[in-house]
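First listed ligand is number 1; within each ligand, the first listed atom is number 1.
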Amino acid sequence: KRNIAVMTSGGDAPGMNANVRAVVRTAIYHGCKAFCVMEGYEGLIRGGPEFIREMSWADVRGFLSEGGTNIGTARSKEFRERKGRLLGCKHLIEAGIDALIVCGGDGSLTGADLFRAEWPSLIGELKDTNQITSEQFEKHKHLNICGTVGSIDNDMATTDATIGCYSALDRIVQAIDYIDATANSHSRAFVIEVMGRHCGWLALMAGISTSADYIMIPEKPASSKDWQVQMCDIVGKHRAKGKRKTIVIVAEGAITNDLSPISAEDVKNCLVDELGLDTRVTTLGHVQRGGNAVSYDRWLATLQGVEAVHAVLECTPDTPSPLIAIEENKIVRKPLVEAVEMTKKVASAIESKDFAKAMSLRDSEFTE
Ligand code: F6P
């Protein structure tokens, strides 16, 4: 029977707790021991029973709906260095863990993939320096790792949705519905900055859900020469038709086609200067990550947690590490390494100004 550990990493996302609950209980159901690595990769670096904690069925009671992550998370700088990963490897072996399930976003899963790839050399170094015994070396030759994607950004390739993205979308849409009332009353324009890092999914979906006047996302950058003219033309037409409020949604990663960032302040200044609109900026910030998980995130996280444990139990040393995804409403396993590669391709297409490619790569996440 296996010793299966689960951790949450990167920005917290509603549904992470549901994922932890599902992993812990499915592992126990199958007669395995379940562990939580506390504080994300930081917990691997610290090690010991305080940070790699055995969990019982009752320990995850109430986790299903709760927002955030009760087992803690971190953006660990130390784990980005080999020295940190070496400590992580040692502590996992000391705790007897033979499979690790990581619930996190693209950065965290890229880290997981690197850890997996480096494992043979890490464990070799630990043996050569007598930090682990020969038995431990033989028993832990392969790191069985599995990703479940938890992030509000929905920025991971090969999965239609990440755990948490629909809860965050719901928070944003609710906030914009509130803003609508005051915007309409004062006949004002509001520029709303939403999260998403380099991904425009939250901004785009929130824009469609609230019939925003204009949306700015990194994958379809505005023209550096005349984005102001284009936006004001559209907003001006809506106003001419009698619309009393204006909503412009700006993704935090919004850029122009020469890769200059566009801020909510830039957009506000333009609406004031060109159209004379009384304009306010609202940066929704971390409120987007808070609150209970919506039902979509609860079931997605639960089904993915169950599948992650099944994947771990079925993995042989030759099976590529899986990422548990949802594709066309089915829970599926994808090779982690490919998902990480494809996610990187979107970022590099944007960096090299190949926006058509970036869009088609994002698109293929939904259609492939
Ligand atoms: O990745 C999730 C996210 O909320 C992004 O949308 C945002 O850019 C970032 O995390 C904010 O990070 P932090 O919480 O560390 O400020």
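- Side-chain atoms of K141 and P120, non-hydrogen and from C-beta on, never get closer than 4.5 Å to each other.
- For ligand 1, the 4.0 Å heavy-atom shell contains residues R75, I152, D153, M195, G196, R197, E252, H286, R289.
- Under the 6.0 Å cut-off for aromatic ring centres, W57 and F63 do not qualify, their centroids lying 6.0 Å or more apart.
- A donor-acceptor pair under 3.5 Å links the side-chain atoms of N257 to the main chain of S224, judged by distance alone.
- Side chains of S223 and T256 form no contact here, defined as non-hydrogen atoms less than 4.5 Å apart.
- Under 3.5 Å, the side chains of S260 and D258 contain a donor-acceptor pair of N or O atoms.
- With salt bridges taken as basic N to acidic carboxylate O contacts below 4.0 Å, none links K357 and E219.
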